[in-house]
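What follows is a short report on a single structure.
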Amino acid sequence: MARQARPRAAVAPGHDSALSEPRPELERYYQTLFSALGPQRWWPARTPFEVIVGAILTQNTAWTNVERAITNLRREGLLSPAALERVERRRLERLIRSSGYFRQKAKKLKEFVRFLRRDFGGSLNRMFRTPTDELRARLLAVHGIGRETADSILLYAGGHRVFVVDAYTHRILARHGLAGSNSNYEEIRALFESSLPPDPATYNEFHGLIVNVGKNWCRTREPRCHECPLQPFLPSTDADRPEGATT
Ligand code: SF4
């Protein structure tokens with residue numbers, strides 16, 4: 001039965017001092033999750049371009065909805081930059097309808113392939129040869145590409161050393177007192193990047209492991225801490241445990 005306990009008040013509102021120093025224990029979180037859950041093989045895609053399409057389509061929707069859209073695009077021979085740029089917008093909208101917000105997402109896909117052609121001659125290899133910080137800034141300037149999408153593209157399609165932060169990441173860190181509820185994306189990204197070895201393969205696997213924990217144990221309501229591989233890392237006092245945690 002769920003215990004009622006107060007969530008940890010990690011930091012005071014405003015400046016997030018919890019994130020100003022590296023946290024070496026994050027490497028132990030990674031080792032523990034990898035030992036418990038094994039390789040996650042995330043991102044589920046056949047090509048770097050498919051990663052990019054998936055990263056755009058997965059905004060605000062579950063991955064299962066994206067899979068149907070990608071299957072449609074593959075069946076129609078549209079999983080290439082040139083084909084996506086050529087396809088008529090209405091047809092594209094119909095094919096990706098399952099991913100939700102399909103009109104906006106069709107526009108975003110079109111904007112990305114236009115950017116790729118205009119700035120890099122349509123070549124993903126050329127694009128990914130750009131230094132990380134410069135490419136990140138250029139991706140963020142494309143309509144519809146926010147931080148999580150840009151970093152997913154950089155890490156999972158391009159092998160750049162950038163940690164991807166999502167809602168699961170934020171929730172887990174907050175519940176463990178490593179971030180505050182007001183911590184922002186860049187603070188959390190910098191925390192991971194300063195605390196872990198500079199290795200894209202580790203970043204790749206760790207994000208996949210976090211997604212697994214978020215889906216299976218660290219739910220919004222009633223986290224299943226008693227079964228979770230990260231349970232040993234929870235704050236030790238009742239007052240510090242996440243609300244609804246079962247231990
Ligand atoms: S479910 Fe509990 S132990 Fe697991 S990550 Fe969330 S807060 Fe931590």
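Owing to the predicted nature of the structure, the values given are computational and were not obtained by experimental measurement. When a ligand or atom number is given, it counts from 1 through the structure's own listing order.
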Do any N/O/S atoms of H176 come under 2.8 Å of atom 8 (Fe) of ligand 1? yes
Give a yes/no answer: is there an N/O/S atom of C225 under 2.8 Å from atom 6 (Fe) of ligand 1? no
One should read off an interatomic distance between F163 CZ and L155 CG, to the nearest 0.5 angstrom, of 8.5 Å
Within this structure, what is the CG-CZ distance for the pair N72 and R91, rounded to the nearest 0.5 Å? 10.5 Å
Report the relative orientation of the aromatic rings in F206 and F192; use parallel for angles under 30°, tilted for 30 to 60°, perpendicular for over 60°. perpendicular
Please check if atom CZ in R74 has more than 12 non-hydrogen atoms from other residues, nucleotides or ligands closer than 6.0 Å. yes
Going by the order shown, which atoms of ligand 1 are within less than 4.0 Å of some heavy atom of P223? 1 (S)
Ligand-residue contact atoms, ligand 1 with R175, heavy atoms, under 4.0 Å: 7 (S)
Interatomic spacing from CD in E148 to NE2 in H207 - rounded to 0.5 Å: 6.0 Å
Would C228 count as a contact for atom 4 (Fe) of ligand 1, in the sense that one of its N, O or S atoms lies under 2.8 Å from it? yes
Enumerate the atoms of ligand 1 whose separation from the nearest heavy atom of Q231 is less than 4.0 angstrom. 3 (S)
